[in-house]
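As the structure is a prediction and not an experimental result, all values here were calculated from the model.
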Amino acid sequence: MAISILMPALSPTMTHGTLARWLVAEGDPVRSGDVIAEIETDKATMEVEALDDGIMARILVKEGAQNVAVNDVIAVMAEEGESTEAAAGSIAAAPPVASVQPAAPLQPATQTVLPSGGKDAPAPAPTAAVSSSSLSPSQSQSQSQSPRIFASPLARRIAADAGIDLAGLTGTGPHGRIIRADVEEAMTAGTGRTRPGGQATAVMATDTQTENFVPHNAMRRVIAERLQASKQTAPHFYLTVDCEIDTLLAARKALNAAVAEGVKISVNDMVVKAAASALMAVPEVNGYFEDEGCRYFSEADVCIA
C-alpha cells in the first residue's frame, strides 16, 4: 500500500510552509528515522524524518515550493515489495497517511526568535508542484545520481556564505551529518573545496546593467513585516548614553571562563539581561498601552529580531 507523505505542522499556528530541500530522490530507499526533507516556516528551518520504511516513489512538490498547506501530499513512498509505479499510480485513490514527523533541530542557532504577537504569515507565492513524469530524462538522471549530503541547515548556510563545498567535508554529527563545527574547521584549516566562482558573487559595473534578485524566505518576510508594524504603531524616541563598561567586560570574561565548553556569553547577552532586570525593577515600564488602559506584566519578555 502506498504511503502518502504529508506537509507536517511544525508549530501550533502553522498553516503553510516552504519545502526548502529534499534530501532523498525518487527511487531512493528510505528507512524509518531517515531525514528526508527540510521544511521552512516563518520561525525556523526544521528537518523532517520518515516514520516508515520504503522506497521514494514520487516527489510531488519540488524544492523551493512556497505556501504549501499543512497536510498536503508532498511525496509518495512504496512499501517494501511494492513497485514504485503502482505506489505512484494509487495516490489518487489512497487516503492520506501521516508518515513524517519533525526532527529536533541539530543546532540551537537554527531557531530564530521573533517578536511575539503575530501568527504565522503564509508566503504569497503559489504552491509549486512537480512530478517525475514532467522531468526530462537528463533531469531525472541527474536527480537520481546527485550525491546525498546530510548537513544541518546552519552548516549549509555557513558553507554557502563562505563558498565551501559540502561534498569535500566529513561530518562529525549524528550518522555522519555535517554540522557547524565541521564547516568552521574547514574554513580555519582551508581544507574545504571552494565552489566554482569563489566565496562571493559580485555584480560588476559594466556598460550593461545587471541585477540579482533574491526572494525572501518566510522567516525574513515575517521579520520585516513585524518590524515595520512596530515602527508604524508604537511611538519611538531615541536616547544616547555613553557608558564605561570596564567592569562589565571583566565580569563577562570571568563568566566565560566558568561556563561549559561551547558556551559564549556576549556583551549583547548582558545588555539584554540588564534590560530585563530594569523592567522588573520598574514595573511601570513593563507593559504596553491599549485603547482602554495599560497592560502590565509580572515577567520580563525581551524579544530580539
Side-chain angles (χ1 to χ4, degrees), residues 1-105 119-137 139-144 146 148 150 153 215 217-219 221-222:
M1 177 180 175
I3 304 171
S4 297
I5 300 176
L6 311 180
M7 169 63 78
L10 302 178
S11 69
T13 58
M14 176 179 171
T15 58
H16 296 76
T18 296
L19 205 159
R21 179 179 174 85
W22 281 107
L23 300 178
V24 295
E26 293 182 359
D28 285 354
V30 177
R31 310 299 295 179
S32 177
D34 285 353
V35 178
I36 60 175
E38 293 176 358
I39 304 297
E40 180 182 282
T41 71
D42 63 349
K43 295 181 176 64
T45 298
M46 303 284 288
E47 294 178 340
V48 177
E49 294 180 355
L51 294 182
D52 303 282
D53 298 341
I55 305 295
M56 183 60 66
R58 181 70 56 83
I59 293 177
L60 302 176
V61 179
K62 68 179 182 180
E63 292 183 355
Q66 300 181 352
N67 204 29
V68 182
V70 169
N71 292 329
D72 274 3
V73 180
I74 58 177
V76 180
M77 283 200 329
E79 291 184 332
E80 294 185 357
E82 181 183 15
S83 68
T84 57
E85 292 79 5
S90 63
I91 179 176
V97 178
S99 58
V100 295
Q101 68 178 3
K119 295 184 178 180
D120 290 53
T127 301
V130 64
S131 64
S132 61
S133 60
S134 64
L135 299 176
S136 65
Q139 290 174 319
S140 298
Q141 183 178 7
S142 63
Q143 183 183 35
S144 61
S146 59
R148 294 168 56 186
F150 293 94
N217 57 31
M219 181 172 61
R221 185 181 297 108
V222 171

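Residues A20 and E63 come closest through the heavy atom pair O-CB, 4.0 Å. Shown here for L6 and V73, the closest heavy-atom pair between the two residues is CD2-CG2, 3.6 Å. Closest non-hydrogen pair, M77 versus D52, comes out as CE-O, 3.6 Å. For the pair A78 and A57, the tightest heavy-atom approach, listed with the atom from each and the gap, is N-CB, 4.1 Å.
Between the CH2 atom in W22 and the NZ atom in K62 there is a gap of 14.0 Å [rounded to 0.5 Å]. The structure places OG1 of T18 at 12.5 Å from CD of E38, a figure rounded to the nearest 0.5 Å. One finds the CG atom of N71 at 10.0 Å from the CE atom of M7 (value rounded to the nearest 0.5 Å). The CD atom of E47 sits 11.5 Å away from the CD1 atom of I36 when rounded to the nearest 0.5 Å. Rounding to the nearest 0.5 Å gives a distance of 9.5 Å between CG of L51 and CD1 of I5.
By the salt bridge (Lys or Arg N to Asp or Glu O under 4.0 Å) test, E40 pairs with no residue at all, sequence neighbours left out.
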Can you list the steps and then say if V76 with E26 is a side chain to side chain contact (heavy atoms under 4.5 Å, CB included)? CA-CA 9 Å; V76 180; E26 293 182 359; over 6 Å; no

Side chain to side chain contact (heavy atoms under 4.5 Å, CB included) evaluation trace for T41 with M46: CA-CA 8 Å; T41 71; M46 303 284 288; 5.6 Å; no

Going through the checks in order, is the side chain to side chain contact (heavy atoms under 4.5 Å, CB included) test met by I55 and V30? CA-CA 6 Å; I55 305 295; V30 177; over 6 Å; no

Can L60 and I74 be said to form a side chain to side chain contact (heavy atoms under 4.5 Å, CB included), step by step? CA-CA 5 Å; L60 302 176; I74 58 177; 5.7 Å; no

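Put simply, the residue from V35, D34, D28 that forms a side chain to side chain contact (heavy atoms under 4.5 Å, CB included) with L23 is V35.
With a 4.5 Å cut-off on side-chain heavy atoms, P8 and V70 do not count as touching.
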